[in-house]
Amino acid sequence: MTRVRYFAAAAEAAGTDAEERAERTLLAFRAAVVAQHPALTDILPRCAVMVDGVRADDDRSLDDAQLIDVLPPFAGG
């Protein structure tokens, strides 16, 4: 299982700020969380998704991942 942390608008859309997931790739993770949390449909594509602190592509295996952070774009300056 991989710990997932959602931040800001992603947490609001998911209805939680953290959960445990078991998907094996980042692509599978994206599909599964949108299916489980439909409010993420428009937000997730704009989010930075970090796997163990490193931005990752959808083909990234999650077999050894400890932490996924879902970070929506932040406004400010």
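Everything quoted here is computed from the prediction, not taken from an experiment.
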Seminar exercise, completed: Applying salt bridge (charged side-chain N to carboxylate O under 4.0 Å, His left out) to D57 and not counting sequence neighbours gives none
Exercise. Any idea which heavy atoms bring L40 and A14 closest together, and the distance?
Worked result: CD1-CB, 4.1 Å
Problem set entry | Over all atoms of both residues, closest heavy-atom pair of A65 and T2 | O-OG1, 3.4 Å
Exercise. In chain order, what residues pass the side-chain contact (heavy atoms from CB on, under 4.5 Å) check against A8, with sequence neighbours excluded?
Worked result: P72, F74
For this session: Could you list the residues that satisfy salt bridge (charged side-chain N to carboxylate O under 4.0 Å, His left out) with D64, not counting sequence neighbours?
Result: R60
Problem set entry | E12 atom CD, over 12 foreign heavy atoms within 6.0 Å | no
Problem set entry | Counterpart residues, side-chain contact (heavy atoms from CB on, under 4.5 Å), relative to A39 (two or more places apart) | A13
Problem set entry | Same apolar cluster (I L V M F W Y, side chains within < 4.5 Å links), V49/V34 | yes
Problem set entry | Transitive ILVMFWY side-chain link M50 to L26, under 4.5 Å | no
For this session: Return each pair, listed once, that meets salt bridge (charged side-chain N to carboxylate O under 4.0 Å, His left out) where at least one residue sits in residues 26-36; pairs must be two or more places apart or across chains.
Result: R30-D58
Problem set entry | By side-chain contact (heavy atoms from CB on, under 4.5 Å) - contacts of R3 (at least two apart) | A18, E20, L67
For this session: Any chance you could measure T25, atom OG1, to L62, atom CG, to the nearest 0.5 Å?
Result: 6.0 Å
Problem set entry | Verdict with reasoning, D63 to R24, per salt bridge (Lys or Arg N to Asp or Glu O under 4.0 Å) | CA-CA 6 Å; D63 289 340; R24 301 201 57 202; 2.9 Å; yes
For this session: Kindly compute the distance separating OH (Y6) from SG (C47), expressed to the nearest 0.5 Å.
Result: 10.0 Å
Problem set entry | Contacts of type side-chain hydrogen bond (donor to acceptor under 3.5 Å, both in side chains), residue Q36, not counting sequence neighbours | R21
Exercise. Do you know which two heavy atoms are closest between V51 and I68, and how far apart they sit?
Worked result: CG2-CG1, 4.4 Å
Problem set entry | Sequence neighbours excluded, every pair satisfying side chain to side chain donor-acceptor pair (under 3.5 Å) that has a member inside residues 37-56 | E19-H37
